[in-house]
Amino acid sequence: MLRACLLSLALISANLAATGTSFADETAATLPAFVPPPAPGQLVDIGGRRLHLDCKGDAAGPAVIFEAGLSQYTARSAFAKVQDAIAPFARACTYDRAGLGWSDPVAGARTQQDMVADLHALITAKKLRTPLVIVGHSVGGLLARLYVREYPDDVAGLVLVDASPEPYLFTPGAAKFRANLAAEIDAGLKKAQGDGPVVPLPAEVEPDIVVAFLPRVLATVKQEYEALDRVPAAMQQARGYGTLGDLPLVVIRRGKTETPPNAEDIQWRQWQEDLAGLSSRGSLVVAENTGHVIPYENPAVVADAVRRILDEIPRDTKRRP
């Protein structure tokens with residue numbers, strides 16, 4: 001469970017496993033030049049650098065933006081199916097955080113506050129209609145909650161999809177796990193040759209997957225792990241990211257567990273119930289027969305939650321262009 005929830009669809013581990021490749025096992029080699037495929041969406045200037053945004057649906061409708069889990073980016077996002085399901089009734093947008101996918105990287109240490117400030121700048125630059133609905137999956141749920149804390153007037157509702165709670169991520173075991181992954185990334189970056197993938201990949205690997213192995217992307221994934229370790233101590237406690245007042249909230253948790261449910265499954269259920277209690281208008285939905293990657297495995301349940309949130313927004317709510 002720890003790997004699944006910390007990494008969500010972590011492209012490093014998933015794709016390394018799929019190709020039988022390991023950073024530690026590879027020797028340095030001269031790799032052919034790699035030309036990244038065109039961005040699926042558009043690059044939006046947020047003040048000297050660009051974030052990649054991919055929107056579908058009616059631009060005049062309410063906006064829904066997805067906050068992905070660690071290391072996800074638009075081309076291989078778990079949200080692709082949900083985005084298609086929501087597009088008929090809302091403006092559904094995925095984006096790449098700085099350094100992931102097609103977004104420009106940022107050098108140096110980063111914090112989660114930096115990440116939500118980037119999203120705010122993106123929403124402003126693109127003039128997405130607010131207040132909007134944010135859908136946060138896995139660790140993206142923390143960023144979604146932090147966005148509400150920093151920019152409450154921007155948000156009309158929140159959907160948390162098997163989101164990672166504070167008591168889960170901020171433990172010595174989780175910190176050690178992140179440190180081990182960061183060390184593995186460092187091992188790969190030391191072998192990097194130019195701007196191409198840090199390890200040889202089979203010729204049949206699609207170019208948008210190869211993007212996950214580019215040095216700038218791997219360095220960003222490490223940067224995001226380290227940002228979790230920079231979260232202030234007060235915010236690492238249960239409900240440290242704050243409560244949500246009467247903000248419309250739907251929490252979706254995975255229904256697939258061990259048979260019978262083990263202690264981890266029971267604890268995860270409790271944490272998800274606690275998340276639903278962050279708002280007086282919070283509700284909990286169980287995605288039956290579905291694992292952690294709910295947006296990919298059961299997109300309908302996420303789309304339904306978004307529709308519920310939109311239905312709760314008063315018709316006379318002012319929507320700023």
If you take all heavy atoms of [X] and [Y], which pair is closest and at what distance?
{"X": "G99", "Y": "T220", "result": "CA-OG1, 3.2 Å"}
{"X": "L284", "Y": "E273", "result": "CD2-CG, 3.7 Å"}
{"X": "A144", "Y": "G136", "result": "CB-CA, 4.2 Å"}
{"X": "F34", "Y": "P197", "result": "CB-CD, 3.9 Å"}
{"X": "P131", "Y": "V155", "result": "CB-C, 3.7 Å"}
{"X": "V44", "Y": "A125", "result": "CG1-CB, 3.8 Å"}

> Where do H137 and I294 land on the side-chain contact (heavy atoms from CB on, under 4.5 Å) test, with the steps shown first?
Replying inline: CA-CA 8 Å; H137 175 229; I294 295 169; 5.6 Å; no
> Is it true that atom CZ of R307 has more than 12 heavy atoms of other residues, nucleotides or ligands lying nearer than 6.0 Å?
Replying inline: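 Open.
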> Just wondering, are more than 12 heavy atoms of other shown residues or ligands nearer than 6.0 Å to CG in D195?
Replying inline: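 It does not: D195 CG has 12 such atoms or fewer within range.
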Under 3.5 Å, is there a donor on one side chain and an acceptor on the other for [X] and [Y]?
{"X": "E67", "Y": "Y95", "result": "yes"}
{"X": "D274", "Y": "Q270", "result": "yes"}
{"X": "R308", "Y": "S283", "result": "yes"}

>> As a quick check of understanding, evaluate side-chain contact (heavy atoms from CB on, under 4.5 Å) for D118 and R110, giving each step before the final call.
In response: CA-CA 11 Å; D118 277 1; R110 293 272 282 169; 2.7 Å; yes
So [Y] and [X], do their side chains get closer than 4.5 Å, heavy atoms only?
{"X": "P167", "Y": "W271", "result": "yes"}
{"X": "I134", "Y": "V159", "result": "no"}
{"X": "L53", "Y": "C55", "result": "yes"}
{"X": "V205", "Y": "P202", "result": "yes"}
{"X": "T257", "Y": "I266", "result": "no"}

Any donor-acceptor N/O pair, [X] side chain to [Y] backbone, under 3.5 Å:
{"X": "S103", "Y": "H52", "result": "yes"}
{"X": "N180", "Y": "F177", "result": "no"}
{"X": "T130", "Y": "L132", "result": "no"}
{"X": "T74", "Y": "D96", "result": "no"}
{"X": "T171", "Y": "A174", "result": "yes"}
{"X": "Q83", "Y": "A92", "result": "yes"}
{"X": "E150", "Y": "Q113", "result": "no"}

[atom2] on [Y] to [atom1] on [X], rounded to 0.5 Å:
{"X": "T124", "Y": "I46", "atom1": "OG1", "atom2": "CD1", "result": "10.0 Å"}
{"X": "L51", "Y": "K126", "atom1": "CG", "atom2": "NZ", "result": "12.5 Å"}
{"X": "L278", "Y": "L160", "atom1": "CG", "atom2": "CG", "result": "7.5 Å"}
{"X": "D229", "Y": "T111", "atom1": "CG", "atom2": "OG1", "result": "13.0 Å"}
{"X": "D54", "Y": "L43", "atom1": "CG", "atom2": "CG", "result": "11.0 Å"}
{"X": "I309", "Y": "L158", "atom1": "CD1", "atom2": "CG", "result": "7.5 Å"}

Can I get a per-line list of side-chain donor-acceptor pairs under 3.5 Å for residues 243-251, giving both atom names and the distance, sequence neighbours left out?
none

Pair [X] + [Y], salt bridge at N-O below 4.0 Å:
{"X": "D45", "Y": "R50", "value": "no"}
{"X": "R253", "Y": "D162", "value": "no"}
{"X": "E166", "Y": "R239", "value": "no"}

> Do V106 and M115 belong to the same hydrophobic cluster, where Ile, Leu, Val, Met, Phe, Trp and Tyr are linked whenever their side-chain heavy atoms lie under 4.5 Å apart, directly or via other members?
Replying inline: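 V106 and M115: separate clusters.
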>> What verdict does the side-chain contact (heavy atoms from CB on, under 4.5 Å) test give for E297 and K256, after you've listed the backbone C-alpha separation in whole Å, the side-chain angles of each residue and the deciding distance to 0.1 Å?
In response: CA-CA 11 Å; E297 296 180 43; K256 189 178 292 183; 4.2 Å; yes
> Would you call the rings of Y73 and W102 parallel, tilted or perpendicular if under 30° counts as parallel and over 60° as perpendicular?
Replying inline: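 Rings of Y73 and W102: perpendicular, as their planes differ by over 60°.
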> If you look only at pairs with a residue in residues 78-94, which of them pass as a salt bridge (Lys or Arg N to Asp or Glu O under 4.0 Å), with sequence neighbours excluded?
Replying inline: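 Listed once each, the pairs are K56-D84.
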>> Quick check with a 6.0 Å cut-off and a 45 degree axis cone: is R149 positioned over the face of Y241's six-membered ring?
In response: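 R149 over Y241 ring: no.
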>> Set out, in order, the CA-CA distance, both residues' side-chain angles and the distance that settles side-chain contact (heavy atoms from CB on, under 4.5 Å) for V148 and R145, then state yes or no.
In response: CA-CA 5 Å; V148 175; R145 290 171 55 199; 5.7 Å; no
> In chain order, what residues pass the ring pair (Phe, Tyr, Trp, His ring centres under 6.0 Å) check against Y151, with sequence neighbours excluded?
Replying inline: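 Residues passing ring pair (Phe, Tyr, Trp, His ring centres under 6.0 Å) with Y151: H120, Y147.
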>> Among R97, R230, R178, which residue satisfies the salt bridge (Lys or Arg N to Asp or Glu O under 4.0 Å) criterion with E224?
In response: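 Running salt bridge (Lys or Arg N to Asp or Glu O under 4.0 Å) over R97, R230, R178 with E224 returns exactly one hit, R97.
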